[in-house]
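Letters A, B, ... are given to chains in the order of the sequence lines, protein chains preceding strands, and every chain is numbered from 1. Computed from a prediction, not measured in an experiment: that's the story for all the values here. Basis for what follows: all heavy atoms, side chains included, without hydrogens, waters or symmetry-related copies.
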Amino acid sequence: MGKTLFNKIWDAHVVESIGEDMDMIYIDRHFIHEVTSPQAFSGIEKRGLKIFRTENTIATADHNVPTLDQHLPIKEQFSRRQVERLTENCVKHDIELYGLGHESQGIVHVIGPELGLTLPGMTIVCGDSHTSTHGAFGCIAFGIGTSEVEQVFASQCLIQSRPKTMRITVDGKIGMGVTAKDVILYIIAKISTSGAAGYFLEYAGEAIRSMSMEGRMTICNMSIEMGARGGLIAPDETTFEYVKGRKNAPEKLSEANLYWEILFSDDDAIFNKELFINASEIEPMITFGTNPGMGIKISETIPADQSLSKALSYMGFSEGDKMLGKKIDYVFIGSCTNSRIEDLRAAAQLVKGKKKAAHVSVWIVPGSQAVSRQAQREGLDKIFIEAGFEFRQAGCSACLGMNEDKIPEGKYCVATSNRNFEGRQGQGARTILASPLTAVAAALTGKITDARALLS
Amino acid sequence: MKKFTTLNSTAIPLHSENVDTDQVIPARFLKAVSKEGFGKNLFYDWRYDDNGNPKSDFILNDLRFSGSILIAGKNFGCGSSREHAAWALGSFGFKVIVSSFFADIFRNNALNNGLLPVQVSEIYLQQLFFSVENDPRQKIVVDLEREMISIEGKGSHQRFEINAYRKTCMMNGYDAVDFLVSRKNKIEEFEQKRNGGKMEFWNSVTDTAFPPSIIPV
Ligand code: SF4
């Protein structure tokens, strides 16, 4: 019987089996950031241990960084201390740091692929749930807690139970104005925030194959929002093209490809669960509630369901409401879900020559310094600024209420990020998740608008 | 890590599903560089109003309920991987969380901190809610050795499952780092076998054997 891609990679990384489906697996890349690493560093220091493989560990500062005036010291004292602590720890333990001020700094899940650190067939972990993003390259990538960060520091290994596998096949072509973000929001709305719990996902089918690496990363990024351990996509020409020539990519790509090209699920591989979706069903999506599974097609109305009442009262919406036409206050285009160059290009194309609605604040936050430079080279920053948008510096920004970029209490924000939990963007903030196109349409009109009406 | 064998305690019922770790501990409280003191900010935005006064309608502020067991709705701990959530629950005084489903990362984080996630059926969860909400003095017994949870004096019990490795660690207070470090030879052997001792496996993939299980046959 054949093997799934997931099981092929997993098996190749088992150092030792500990019985009852628990394996000690080897980790090829360990990304760290300032929030979930300090306690792990002090943990190994207290034990008198060194980092076992410093060369497999890469650090960046992203969650706490301001997105304006990054050359100045961070104003908020605790944020500053956490970022400084990361720098101290990296120096002390000899870890490569893409910190604030570094030309390659950015959101950890944006810079990994950009620098060629994320490669097919790897195992990748990070103390961050959206580590699933890296699965787009055909690797096993998942988020871990701080104790596990400490375990990887100490041994380059983790003890994990082997998850079950589920394949989600999206067949057919996606329609005009429908993006990768809509595809994944559609899947989550369909199977709920716990619908893939206990599984590792593989995304397949024509619609996935025809996506760029950026689109695939958007898809894999949100695997965790269905409760999955992670999600991956078999590497193909698109993957190899993306990786080629990147800073840390293998030199002998063609030969390395021999290995990469056998990274696929065998025809006769059996998944524990299969889900089939027809791409033509998918329309631009929008969330109305307080978890990413509370989403509908943009033209639909909020469903009537008792269990939604708490979420709807937080959001200030009612069942039966249309989302189209709802007035909004902020637009945030950024985060590890949608802050890559392709996202900014798509946004700019729709913005070009238009102006934002007067009452809306719009923040465009590139995922990395490299994305920011590329956007400037292409003149995208000018298009945004002329429209009245703010073009900020790289970081997690308003994706989570941790740094300076917060949405005020009670205000509505259309965000391209991945979570609309209560208070996620700041205490009392109301988040509406959507694609970059839908976000731009909201920025231009000041209300929830179907971007397809503006595409011509 | 502290050892865990059995616990007999009253419980606090948190009747919500999909409780995400952003609620357990909001991001603005994650700036500490030590593991201490998170308990005071546990469920902060549900627990306190804008002026920092306790909200009377939140269960942790309901003086009738106390104890070191938290009973919560399905899919507890979803969302962010922040282990601060487990630290906050532990430092508040919880030793056991009962739910009908736990998010993966949270489950691992809890176990790594001596906080036992007990997964029961949806029906049994409703029974627990009912018993505790009816009588806040009702004790719940969690016996890890026998993998059994029961409502004291009611004869109502259910078996829960826990992975054998995890169980041994919890019961003996073993720590994964100690275990992994003790396997150093095995790990080095693995590295050696896989890439001839070269760390940059991915740059030297052609002059070494493929991981054997990946070679198509
Ligand atoms: S952008 Fe948001 S989801 Fe992504 S790593 Fe940063 S905080 Fe996490």
Enquirer: Which answer fits B:Ile105, side chain, backbone, both or neither, if we ask what part of it has an atom under 4.5 Å from a heavy atom of chain A?
Expert: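 Side chain of B:Ile105 only, per the 4.5 Å heavy-atom cut-off to chain A.
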Enquirer: With a 4.5 Å heavy-atom cut-off, do B:Asn113 and A:Ser147 have their side chains touching?
Expert: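 Contact flag for B:Asn113/A:Ser147 side chains = yes.
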Enquirer: Top residue by heavy-atom pair count (under 4.5 Å) with chain B, among A:Ile224, A:Thr36, A:Asp128?
Expert: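 It is A:Asp128.
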Enquirer: Using a 4.5 Å cut-off on heavy atoms from C-beta on, say whether the side chain of A:Ser307 contacts that of B:Glu17.
Expert: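 Answer no - side chains too far apart.
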Enquirer: Non-hydrogen atoms of chain B under 4.5 Å away: do they reach the side chain of A:Arg85, the backbone, both or neither?
Expert: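 The side chain, not the backbone.
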Enquirer: Side chain of A:Gln151, backbone of B:Val177: donor and acceptor closer than 3.5 Å?
Expert: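 Between the backbone of B:Val177 and the side chain of A:Gln151 there is no qualifying donor-acceptor contact (under 3.5 Å).
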Enquirer: Start with the C-alpha distance between A:Val35 and B:Arg82, add both sets of side-chain angles, then the distance that settles side-chain contact (heavy atoms from CB on, under 4.5 Å), and finish with yes or no.
Expert: CA-CA 9 Å; A:Val35 183; B:Arg82 58 189 71 165; over 6 Å; no
Enquirer: Checking side-chain contact (heavy atoms from CB on, under 4.5 Å) for the pair A:Met402/B:Leu30: CA distance, chi angles, key distance, verdict?
Expert: CA-CA 8 Å; A:Met402 185 156 193; B:Leu30 306 185; 3.7 Å; yes
Enquirer: Could you tell me which portion of A:Phe153 (side chain, backbone, both or neither) has an atom closer than 4.5 angstrom to a non-hydrogen atom of chain B?
Expert: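 Nothing of A:Phe153, per the 4.5 Å heavy-atom cut-off to chain B.
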Enquirer: Side chains of A:Ser79 and B:Lys31: closer than 4.5 Å at any heavy-atom pair?
Expert: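 The answer is yes; the side chains approach within 4.5 Å.
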Enquirer: Side chains of B:Trp87 and A:Gln39: donor-acceptor distance under 3.5 Å anywhere?
Expert: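 Result is no, nothing qualifies.
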Enquirer: Count the heavy atoms of every other residue, nucleotide or ligand shown that sit under 6.0 Å from NZ of A:Lys46, and state whether that count exceeds 12.
Expert: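 Atom NZ in A:Lys46 is not crowded, with 12 or fewer foreign heavy atoms closer than 6.0 Å.
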Enquirer: Say you draw a straight line from CZ of A:Phe200 to CG of B:Asp104; how long is it, rounded to the nearest 0.5 Å?
Expert: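 If I round to the nearest 0.5 Å, the distance is 10.5 Å.
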Enquirer: So do the side chains of B:Glu188 and A:Phe52 get within less than 4.5 Å of each other, counting heavy atoms only?
Expert: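 They are in side-chain contact.
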Enquirer: Starting at CD of A:Glu225, measure out to SG of B:Cys78 and round the result to the nearest 0.5 Å.
Expert: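 These two atoms lie 8.5 Å from each other.
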Enquirer: In terms of heavy-atom proximity below 4.5 Å to chain B, should A:Ile44 be classed as side chain, backbone, both, or neither?
Expert: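 It is neither, since no heavy atom gets under 4.5 Å.
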Enquirer: Applying side-chain contact (heavy atoms from CB on, under 4.5 Å) to A:Arg47 and B:Asp175, what does each step give before you reach the verdict?
Expert: CA-CA 12 Å; A:Arg47 297 167 191 267; B:Asp175 170 286; 2.8 Å; yes
Enquirer: Got a donor-acceptor contact below 3.5 angstrom from the A:Gln82 side chain to the B:Ala32 backbone?
Expert: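 A pair under 3.5 Å: yes.
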Enquirer: Under a 4.5 Å heavy-atom cut-off, does chain B meet the side chain of A:Ile144, its backbone, both or neither?
Expert: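 Contact with chain B: backbone only.
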Enquirer: Is the closest side-chain heavy-atom distance between A:Ile18 and B:Phe179 below 4.5 Å?
Expert: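 Side-chain contact under 4.5 Å: yes.
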Enquirer: Between A:Val14 and chain B, with a heavy-atom cut-off of 4.5 Å, which part of the residue counts as in contact: side chain, backbone, both or neither?
Expert: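 Contact with chain B is through the backbone of A:Val14 alone.
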Enquirer: Taking side chain as everything from C-beta outward and backbone as N, CA, C, O, which of these in B:Arg166 sits under 4.5 Å from a heavy atom of chain A? Side chain, backbone, both or neither.
Expert: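 The side chain, not the backbone.
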Enquirer: Please classify the contact between B:Ala103 and chain A as side chain, backbone, both or neither, with a heavy-atom cut-off of under 4.5 Å.
Expert: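 Neither part.
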Enquirer: Determine whether B:Asn112 and A:Glu148 make a side-chain contact, defined as any pair of heavy atoms from C-beta on separated by less than 4.5 Å.
Expert: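 Touching, per the 4.5 Å side-chain cut-off.
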Enquirer: In terms of side-chain geometry, is the basic nitrogen of B:Asp20 or A:Arg424 positioned less than 4.0 Å from the acidic oxygen of its partner?
Expert: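 Between A:Arg424 and B:Asp20 there is no salt bridge, as every charged N stays at least 4.0 Å from the carboxylate O atoms.
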Enquirer: Any side-chain to backbone donor/acceptor pair from A:Glu422 onto B:Gln23? Under 3.5 Å, distance only.
Expert: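 No: the side chain of A:Glu422 does not pair with the backbone of B:Gln23.
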Enquirer: Is there a side-chain contact between B:Asn108 and A:Gln160, using heavy atoms and a 4.5 Å cut-off?
Expert: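 Yes - at least one pair of side-chain heavy atoms lies under 4.5 Å apart.
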Enquirer: Checking B:Ser34 against chain A: side chain, backbone, both or neither under 4.5 Å from a heavy atom?
Expert: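 Just the backbone, heavy atoms under 4.5 Å.
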Enquirer: Can you check whether B:Gly79's main-chain N or O pairs, donor with acceptor, with A:Arg419's side chain at less than 3.5 Å?
Expert: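 Side chain of A:Arg419 to backbone of B:Gly79: a pair is present.
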Enquirer: Examine whether an atom of A:Asp21 lies under 4.5 Å from a heavy atom of chain B, and if so say whether it belongs to the side chain, the backbone or both; otherwise answer neither.
Expert: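 Contact with chain B is absent: no heavy atom of A:Asp21 under 4.5 Å.
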Enquirer: Say you draw a straight line from CD of A:Glu16 to CD of B:Glu189; how long is it, rounded to the nearest 0.5 Å?
Expert: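 The CD atom of A:Glu16 sits 9.5 Å away from the CD atom of B:Glu189.
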Enquirer: Sort B:Phe102 into side chain, backbone, both or neither according to what part of it lies under 4.5 angstrom from a heavy atom of chain A.
Expert: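 Answer is neither: B:Phe102 stays 4.5 Å or more from chain A.
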Enquirer: At what distance, to the nearest 0.5 angstrom, does OG of B:Ser80 lie from CG of A:Asn418?
Expert: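 Atom-to-atom, B:Ser80:OG and A:Asn418:CG are 10.0 Å apart.
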Enquirer: Other residues, nucleotides and ligands only: do more than 12 of their heavy atoms fall within 6.0 Å of NZ on A:Lys50?
Expert: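 No, because the 6.0 Å sphere around NZ of A:Lys50 holds 12 heavy atoms or fewer from other groups.
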Enquirer: Would you indicate whether B:Lys167, at its atom NZ, is surrounded by more than 12 heavy atoms from other residues, nucleotides or ligands within a distance under 6.0 Å?
Expert: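 Enclosed: over 12 neighbouring heavy atoms sit under 6.0 Å from NZ of B:Lys167.
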Enquirer: Can you measure from CD (B:Glu191) to CD (A:Gln156) and round to the nearest 0.5 angstrom?
Expert: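 Separation between the atoms: 7.5 Å.
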Enquirer: Chain A heavy atoms under 4.5 Å from B:Asn18: which part of the residue, side chain, backbone, both or neither?
Expert: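 Just the side chain, heavy atoms under 4.5 Å.
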Enquirer: Is there side-chain contact between B:Leu180 and A:Cys157, with heavy atoms separated by less than 4.5 Å?
Expert: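 Yes, their side chains come closer than 4.5 Å.
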